[in-house]
Participant: 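Below you'll find the structure I mean.
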Protein chains: 2
Amino acid sequence: MPATIRDVAKKAGVGLGTVSRVLNQSPQVSDRTRQRVQDVIDELDYSPNPIARRLSLGKTHTIAVIIPFFTRPAAVERLRGITYSISGTEYDLIVANIETPERRIAAFRELARRERVDGVLIISLPFSEKDAELFIKSGIPLVFIDVNDPLLHDFNRIVVDDIEGGRKAVQHLLDLGHTNIGYISDVLEDPFPFSASRARFNGYRQALEAAGISPCPELHRHGEHSRSDAKIITAEMLRMPDRPTAIFAASDTQAIGVLETVREAGLRIPEDLSVIGYDDVEIADHLGLTTVRQLLVESGEKGVRLLLEVMQDPLREAECETLPTELIIRNTTAPPG
Amino acid sequence: MPATIRDVAKKAGVGLGTVSRVLNQSPQVSDRTRQRVQDVIDELDYSPNPIARRLSLGKTHTIAVIIPFFTRPAAVERLRGITYSISGTEYDLIVANIETPERRIAAFRELARRERVDGVLIISLPFSEKDAELFIKSGIPLVFIDVNDPLLHDFNRIVVDDIEGGRKAVQHLLDLGHTNIGYISDVLEDPFPFSASRARFNGYRQALEAAGISPCPELHRHGEHSRSDAKIITAEMLRMPDRPTAIFAASDTQAIGVLETVREAGLRIPEDLSVIGYDDVEIADHLGLTTVRQLLVESGEKGVRLLLEVMQDPLREAECETLPTELIIRNTTAPPG
DNA sequence: CTGTTAGCGCCTTCAA
DNA sequence: TTGAAGGCGCTAACAG
């Protein structure tokens with residue numbers, strides 16, 4: 001059995017309030033008793049029971065992160081940033097991985113409770129008014145990362161300028177001389193209408209329209225966020241009579257699927273088809289994939305920092321920081337053959 | 001403020017012991033009162049405060065996983081298995097990501113405490129007698145995943161037969177006719193002498209010796225577990241007067257570094273050099289990398305299951321389950337040019 | 001400066 | 001079958 005504060009108090013011959021005070025660095029303890037207590041603490045290898053502490057303080061000392069498909073490379077990087085920032089604080093992190101709509105609902109209901117967490121980080125997940133209600137009612141501090149939704153004006157968030165990112169990608173293709181540009185994205189509707197995909201799509205459209213090209217609906221296809229779905233879509237695009245000379249994929253994972261299918265079809269990259277991805281995940285560099293880099297790790301770090309601030313001062317004005325994107329040109333894009 | 005058990009009791013006109021009983025499905029409550037209480041619970045949207053519950057029960061309801069470099073693909077997969085198995089239980093998961101020796105020590109000290117966790121999962125981390133002492137003294141249930149150390153005979157663990165895996169990899173190369181085979185591994189000593197690397201190395205040696213080849217020390221090099229270090233090592237190997245015709249890398253990540261350097265050197269794979277990795281991470285398939293597959297997700301799932309059992313019955317005999325490996329032949333291995 | 005006491009919210013006896 | 005009381009380990013407010 002671990003020692004308790006009472007054991008320490010008894011052994012040190014002081015009241016347990018005093019022990020509590022040295023534990024919490026209260027200034028109102030004489031150096032002599034502080035030292036005495038500290039010695040006993042060391043001797044007993046005592047460490048306060050965090051659970052009891054939490055109950056007494058009325059705080060859970062835990063932060064939850066709700067993240068879809070946390071094993072995707074981009075999500076992992078965000079999570080990495082989060083764990084970096086959170087270690088060193090007194091907070092525990094619990095992560096809710098969402099892979100189905102049911103889990104999403106369950107997680108929201110479970111975690112929008114003061115009894116469970118002190119703050120919540122929501123990553124890359126679409127958010128409805130009903131969800132918002134849940135959190136507003138519970139009054140739990142909330143920070144969004146990579147959720148860019150007009151609905152969210154009054155919330156704290158770290159967003160990526162995906163419209164600009166999408167525009168940059170397409171502009172790059174345009175600059176190279178492409179006019180027939182396909183776009184492969186995640187599903188834009190249920191179950192997870194990732195707002196990022198939509199924003200990138202808007203960037204795609206904007207760039208095209210600015211160049212006087214009217215986006216052809218045939219060239220915009222979506223599927224599950226996976227290599228395999230991207231492959232299927234790519235194959236369809238390649239079969240089009242007037243097939244695109246370049247493809248912009250909403251993520252590197254999907255871009256890799258594109259590369260695969262194109263090569264299997266016996267076409268050369270970038271001579272026969274240009275491909276550009278999004279995220280700049282680690283392997284992109286190895287593959288020579290041209291892509292749009294976003295600050296994944298930083299987004300996690302900043303999210304935690306912001307959440308901590310909000311938790312400290314729940315009434316502060318909502319803040320929205322936009323992270324930049326950067327075009328990384330490698331070897332999968334070139335002028336059309 | 002969330003409702004408490006007292007609010008429910010008062011509103012339902014019962015003692016709060018009764019509410020507690022219906023909460024914990026005690027059979028000794030009449031259906032009528034049970035229903036009445038349940039109605040109030042629903043009405044108030046009451047849910048018991050887990051912290052108070054934990055303090056009262058003397059259990060933390062949390063499991064910790066200590067994992068080095070959890071952003072590496074293989075680690076992520078293990079973690080994924082863990083989160084799968086743990087969701088659906090009443091346990092919270094806290095993950096301690098270890099990237100430096102200091103963090104390792106801190107995490108061990110912090111988590112080998114009953115006050116903090118009910119059980120601990122240690123993944124892919126070397127373990128010393130001192131560490132063991134810490135946990136034995138605290139009496140915290142412990143399960144190792146992917147830690148294969150003779151020292152650990154008395155502990156519960158899920159291991160991979162890395163010796164066999166290493167042997168399979170090298171045997172495959174031998175079968176193709178290679179005799180001059182390089183091995184690139186993680187650092188075998190401090191700060192993290194991953195036992196897996198060593199086991200694979202033993203497999204490498206055994207296979208060679210069985211084939212009557214005495215392993216040349218020059219051909220075994222190690223560096224950090226990274227693409228970049230693997231590249232440096234590969235470059236050195238390629239400069240050797242009698243350079244290897246095949247390289248076995250202790251992980252796919254490192255194998256990818258090998259591929260890169262070889263291609264940069266203008267050599268062809270597999271004609272000029274065969275490469276085989278380990279893990280079969282997701283991208284391996286895209287790259288056509290021959291590799292040794294291990295059951296990453298399963299290892300996490302089984303680890304949790306085992307830990308849960310141990311927590312239920314701490315005195316049960318230690319169990320060690322060995323997971324198999326499988327050779328996955330793709331396009332980076334061929335007979336020597 | 002320090003000891004004592006009253007909770008934090010829940011579970012679990014012990015009586016009734 | 002149920003209510004009341006004690007305690008889990010800690011913090012904070014109140015006396016002294």
Side-chain angles (χ1 to χ4, degrees), chain A residues 1-41 44-62 90-92 113-118 138, chain B residues 1-41 44-62 90-92 113-118 138:
Chain A
M1 280 300 102
T4 75
I5 197 173
R6 193 165 285 132
D7 300 328
V8 176
K10 197 172 303 169
K11 187 146 191 174
V14 299
L16 83 190
T18 303
V19 179
S20 178
R21 273 173 218 122
V22 344
L23 249 27
N24 297 288
Q25 0 242 23
S26 158
Q28 40 181 7
V29 188
S30 77
D31 281 356
R32 277 192 62 257
T33 48
R34 176 188 305 284
Q35 189 54 53
R36 186 147 43 99
V37 170
Q38 188 57 56
D39 286 348
V40 176
I41 288 177
L44 260 38
D45 186 30
Y46 165 75
S47 113
N49 180 323
I51 309 246
R53 209 148 174 280
R54 291 166 195 197
L55 180 59
S56 183
L57 255 13
K59 307 192 10 170
T60 66
H61 284 176
T62 106
E90 59 181 346
Y91 289 92
D92 279 348
R113 303 191 149 267
R114 263 255 127 67
E115 318 92 90
R116 300 227 89 227
V117 295
D118 292 341
S138 69
Chain B
M1 279 302 101
T4 74
I5 197 173
R6 192 165 285 133
D7 301 328
V8 176
K10 198 173 302 171
K11 187 147 192 173
V14 300
L16 81 191
T18 304
V19 179
S20 178
R21 275 171 214 122
V22 343
L23 248 26
N24 298 287
Q25 359 243 22
S26 157
Q28 38 181 6
V29 187
S30 77
D31 281 354
R32 276 192 61 256
T33 48
R34 175 188 307 284
Q35 188 55 54
R36 184 149 42 97
V37 170
Q38 188 58 54
D39 286 348
V40 176
I41 288 177
L44 259 38
D45 187 29
Y46 165 76
S47 111
N49 180 322
I51 309 246
R53 205 146 178 282
R54 290 167 196 198
L55 180 60
S56 183
L57 254 16
K59 306 191 12 169
T60 65
H61 283 175
T62 105
E90 59 181 344
Y91 288 92
D92 279 348
R113 306 193 146 267
R114 263 255 127 70
E115 318 93 89
R116 300 228 88 225
V117 296
D118 291 342
S138 69

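In what follows, every chain begins at residue 1, and chains take the letters A, B, ... in the order their sequences are listed.
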Participant: Would you mind reading off the distance between D7(A) atom CG and dC8(D) atom P, rounded to a whole angstrom?
Facilitator: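 About 11 Å, once rounded to whole Å.
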Participant: Considering every strand and a 4.0 Å limit on heavy-atom distances, what is the contact class for L55(B): base, sugar-phosphate, or nothing?
Facilitator: base
Participant: List in numerical order all residues of residues 27-41 of chain A for which some heavy atom is under 4.0 Å away from an atom belonging to DNA chain D.
Facilitator: none
Participant: Given atom CZ of R6(A) and atom C1' of dT4(C), what is their separation to the nearest angstrom?
Facilitator: 12 Å
Participant: Could you check whether R54(A) and N49(B), counting side-chain N and O atoms only, form a donor-acceptor pair closer than 3.5 Å?
Facilitator: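 Result is no, nothing qualifies.
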Participant: Write down the distance between NZ (K59(A)) and C1' (dG9(D)), rounded to a whole number of angstrom.
Facilitator: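 It works out to 18 Å between those atoms.
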Participant: Rounded to the nearest 0.5 Å, what's the gap from OG on S20(A) to CZ on R53(A)? Could you check?
Facilitator: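 Taking OG in S20(A) and CZ in R53(A), the distance rounds to 8.0 Å.
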Participant: Rounded to the nearest angstrom, tell me the gap between atom CG in L57(A) and atom P in dA13(D).
Facilitator: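 That distance rounds to 11 Å.
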Participant: Would you say that more than 12 heavy atoms from the other residues, nucleotides or ligands in this model lie under 6.0 Å from the CD of E90(A), or not?
Facilitator: yes
Participant: For DNA chain D, whose closest nucleotide is more 5', that of I5(A) or that of G15(B)?
Facilitator: G15(B)
Participant: Would you say a side-chain N or O of N49(A) is under 4.0 Å from OP1 or OP2 of dC8(D)?
Facilitator: no
Participant: Does a distance-only test, which skips hydrogens and angles, find a donor-acceptor pair under 3.5 Å between the side chain of S56(B) and the base of dC10(C)?
Facilitator: yes
Participant: What nucleic acid atoms does V19(B) come within less than 4.0 Å of, heavy atoms only: base, sugar-phosphate, or nothing?
Facilitator: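 Contact class for V19(B): none.
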Participant: Can any side-chain N or O of D39(B) pair as donor or acceptor with the backbone N or O of R36(B) at less than 3.5 Å?
Facilitator: no
Participant: Might you point out which heavy atoms bring R116(B) and P50(A) nearest each other, and give the distance in Å?
Facilitator: NE-CG, 3.7 Å
Participant: Report the nucleotide, chosen from dG3(C), dG9(C), dT11(D), that has the shortest atom-to-atom distance to any side-chain atom of S20(A).
Facilitator: dT11(D)
Participant: Taking CZ from R21(B) and P from dG3(D), how many angstroms apart are they, rounded to a whole number?
Facilitator: 8 Å
Participant: Which nucleotide wins on minimum distance to the side chain of R53(A), given the candidates dC10(D), dC11(C), dA4(D)?
Facilitator: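 Among dC10(D), dC11(C), dA4(D), the one nearest the side chain of R53(A) is dC10(D).
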Participant: Base, sugar-phosphate alone, or nothing: which one does R54(A) contact when heavy atoms must sit under 4.0 Å apart?
Facilitator: nothing
Participant: Counting only side-chain N and O atoms of T18(B), is one of them less than 4.0 Å from OP1 or OP2 of dG3(D)?
Facilitator: yes
Participant: Look up atom CG in L23(A) and atom CD1 in I41(A), then write down how far apart they are to the nearest 0.5 Å.
Facilitator: 5.0 Å
Participant: Using a 4.0 Å heavy-atom cut-off across all strands, classify L16(A) as base, sugar-phosphate, or nothing.
Facilitator: base
Participant: Without decimals, in angstroms, what is the distance between I51(B) CD1 and dC8(D) C1'?
Facilitator: 14 Å
Participant: Figure out the CD/P separation between Q25(A) and dT11(D), and round it to whole Å.
Facilitator: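 That distance rounds to 11 Å.
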Participant: Just how far, in rounded Å, is P of dC8(C) from CZ of R114(A)?
Facilitator: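 The answer, rounded to whole Å, is 17 Å.
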Participant: Taking any heavy-atom pair under 4.0 Å as a contact, classify G17(A): base, sugar-phosphate, or nothing.
Facilitator: base
Participant: Going by side-chain contact (heavy atoms from CB on, under 4.5 Å), D92(A) matches just one of T62(A), D118(A), V117(A). Which one?
Facilitator: T62(A)
Participant: What's the separation between atom CD in E115(B) and atom CG in L55(B), rounded to the nearest 0.5 Å?
Facilitator: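 Rounded to the nearest 0.5 Å, the CD-CG separation comes out at 12.5 Å.
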